[in-house]
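See below for the structure under consideration.
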Amino acid sequence: MATDSVPSPHPVILRVLIVDDEASVRKVMAAIFAQLGLPCETAASGEEALRILETHQIDAVISDLHMPGMSGMELLAKVRQNYPQMVFLVVTGVDDIQVGIQAMRQGADDYLVKPLQVDANIVLASLTRALHVKRLEQEVENYRHHLEEIVSEQTQQLREALRQIERSYDQTLEVLGAAIDLRDSPTAGHSRRVFLYSLEIAKAMGGLESQMRNIAMGAWLHDIGKLAVSDAILLKPGPLTDEERKIMQRHVQIGYELVKSIPFLADSAEIIYAHHERCDGSGYPRGLKAEEIPVGARIFAVADTFDAMTSDRPYRRALPFEASREVIERGAGKQYDSQVAKVFLSIADETWKLIRKETAAIQAFAFATASDIQALRKLVKSGD
């Protein structure tokens, strides 16, 4: 072993474990590290090396590959499994360099060649290079973990921001619903009731979980176009003239135009546009038939008719639930979708009575609370 130009002690104290079944090799390597001023432990086998690693603070292992019992390759696998950040150098013979390269492919950081005709500079350079690589790997790993924490924190912040936006949307929708029903005072509470009626029918139909919010919002804002209709027509106590009826019918197109450009209401806009269509094609504004009509609008048509008939109007008193059900049953397949009508008729009157009772207390204001829409969001998520 050459001893010329022994480097000064390394500024970082490395604790090295030498593993070799030959005592002479262990002594030579120990001498090298003594010249470097680095503490050193020795082990005569892989098994002994693992015991030392359990009880000592070790930064690097230098191990022979060919040993009785546990081989250097087996020791390498154990160290990589239990101490992934530890530097591991292998010692191989001149004729076994390919074995050393194979060891590096399996996780070794470098290799030294027997006979150990090397000086301390070479050993130190190999160790330093391997340690530098390990530190870079650790920095990358630390950065990755830190990045995951940053991403997780920012994702949480984004979710909270989206929740705030959704709450803002909900509050906006509440105000719009209130404005619609307060404008059309004879039908106060109508928007909220058809909102809840439509949800009950959609839930009973099943398979519409992904559309629940759109159906609900379409029902809630179906008459938003009436905000553009004059009071003289909207609040007229008697029958409308043909011209007035045409003006009134324009509220469907107006409502659609108002809502369609709002991204989170784009699908609901289709329900607003089609909420006066009829399955036999007799509706307006496009005369759509059967499945040409969005399912949400088909559901709404039944909910809307039911609420209209069971609510007091200036020109008549509310009809009993039973009479209203008979009208919808007779219109199934003509004015109303047959499947929707069938599902509606299967729901007990107690459900509709409960909704009317719950909405009666706020009928003067007639708008859904934020808790209604929050409950709807939970329903949609549970359906996903």
Fill in: Over all atoms of both residues, closest heavy-atom pair of H190 and D307
ND1-OD2, 2.6 Å

Practice prompt. Could you check if a side-chain atom of S324 sits within less than 4.5 angstrom of a side-chain atom of T310, using non-hydrogen atoms only?
Written response: yes

Fill in: Side chain to side chain, E47 and R51, heavy atoms closer than 4.5 Å
yes

Item to complete: Just jot down the side chain to side chain contact (heavy atoms under 4.5 Å, CB included) partners of P285, sequence neighbours excluded, or say none.
Response: V252, Y273, E277

Worksheet item: Mind checking whether H251 and H275 have ring centres under 6.0 Å apart?
Response: yes

Discussion item. Quick test of your reading: applying salt bridge (charged side-chain N to carboxylate O under 4.0 Å, His left out), list the pairs with at least one residue in residues 247-276, sequence neighbours left out, ordered by first then second residue.
Written reply: E257-K260

Worksheet item: So do I299 and L208 actually touch side chain to side chain, heavy atoms under 4.5 Å?
Response: yes

Worksheet item: Between K289 and E292, is the closest basic N to carboxylate O distance under 4.0 Å?
Response: no

Discussion item. Quick check on the hydrophobic clustering: are L240 and Y284 connected, directly or via other members, by side-chain heavy-atom contacts under 4.5 Å?
Written reply: no

Worksheet item: Sequence neighbours excluded, which residues qualify as ring pair (Phe, Tyr, Trp, His ring centres under 6.0 Å) partners of F321?
Response: F306

Worksheet item: Which pair of non-hydrogen atoms, one from A60 and one from I58, has the smallest distance, and what is that distance?
Response: O-CG2, 3.3 Å

Item to complete: Give the C-alpha distance, both sets of side-chain angles, the deciding distance and a yes or no for salt bridge (Lys or Arg N to Asp or Glu O under 4.0 Å) between R15 and D59.
Response: CA-CA 5 Å; R15 293 167 291 273; D59 299 303; 3.2 Å; yes

Discussion item. With a 4.5 Å cut-off on side-chain heavy atoms, are D20 and M29 touching?
Written reply: no

Worksheet item: Is E200 reaching over with its side chain to a backbone N or O of Y197, donor-acceptor style, under 3.5 angstrom?
Response: no

Discussion item. Is there a side-chain hydrogen bond (donor to acceptor under 3.5 Å, both in side chains) between H276 and D304? Walk through the geometry before answering.
Written reply: CA-CA 10 Å; H276 277 294; D304 184 48; 5.1 Å; no

Discussion item. Test of understanding: clusters of I, L, V, M, F, W, Y form through side-chain heavy atoms closer than 4.5 Å, transitively. Do L354 and F344 belong to the same one?
Written reply: no

Worksheet item: Residues in side chain to side chain donor-acceptor pair (under 3.5 Å) with T351, at least two apart?
Response: none

Discussion item. When you group the ILVMFWY residues by side-chain heavy-atom contacts below 4.5 Å and let the links chain together, are V295 and W220 in the same group?
Written reply: yes

Item to complete: For residues A303 and S198, report the shortest heavy-atom separation together with the two atoms involved.
Response: CB-OG, 3.5 Å

Worksheet item: Taking all atoms of both residues into account, what is the closest heavy-atom pair of P84 and Q81, and its distance?
Response: CD-O, 4.3 Å

Please set out all donor-acceptor pairs under 3.5 angstrom arising from side-chain atoms of residues 38-46, sequence neighbours excluded.
unit_1 : atom_1 : unit_2 : atom_2 : d
S45    : OG     : E48    : N      : 3.2

Worksheet item: Could you go step by step and tell me if K78 and E74 meet the side chain to side chain contact (heavy atoms under 4.5 Å, CB included) rule?
Response: CA-CA 6 Å; K78 291 283 187 182; E74 292 172 327; 5.7 Å; no

Practice prompt. Work out which heavy atom in A30 is nearest to a heavy atom in I18; give both atom names and the distance.
Written response: N-CD1, 3.6 Å

Discussion item. Do I272 and L221 make a side-chain contact, defined as non-hydrogen atoms from C-beta onward lying under 4.5 Å apart?
Written reply: yes

Response to the item:
Members sharing V194's hydrophobic cluster, built from side-chain contacts under 4.5 Å between Ile, Leu, Val, Met, Phe, Trp and Tyr, are F300

Response to the item:
Sequence neighbours excluded, the answer for side chain to side chain donor-acceptor pair (under 3.5 Å) partners of D21 is none

Fill in: With sequence neighbours excluded, residues passing side chain to side chain contact (heavy atoms under 4.5 Å, CB included) with R80
L76, F88, D109, K134

Worksheet item: For R245, which residues count as a salt bridge (Lys or Arg N to Asp or Glu O under 4.0 Å) partner, sequence neighbours excluded?
Response: D242

Worksheet item: Are the side chains of V16 and I62 in touch, meaning some heavy atoms are under 4.5 Å apart?
Response: yes

Fill in: Side chain S268, main chain N214, donor-acceptor under 3.5 Å
yes

Fill in: side-chain hydrogen bond (donor to acceptor under 3.5 Å, both in side chains) between S311 and R193, intermediate numbers included
CA-CA 10 Å; S311 298; R193 287 193 300 274; 3.2 Å; yes

Worksheet item: Taking all atoms of both residues into account, what is the closest heavy-atom pair of I215 and I271, and its distance?
Response: CA-CD1, 3.6 Å

Item to complete: Only counting residues at least two apart or in another chain, list the ones meeting side chain to side chain donor-acceptor pair (under 3.5 Å) with E244.
Response: K236, T241

Discussion item. In this structure, would V61 and Y83 fall into the same cluster of hydrophobic residues linked by side-chain contacts under 4.5 Å?
Written reply: yes

Response to the item:
Connected to L288, directly or through other members, by ILVMFWY side-chain contacts below 4.5 Å are I293

Worksheet entry | Inter- and intrachain pairs under salt bridge (charged side-chain N to carboxylate O under 4.0 Å, His left out), touching residues 331-340, at least two apart | R298-D337

Discussion item. Is there a continuous path of hydrophobic side-chain contacts, each under 4.5 Å between heavy atoms, that joins M309 to I347?
Written reply: yes

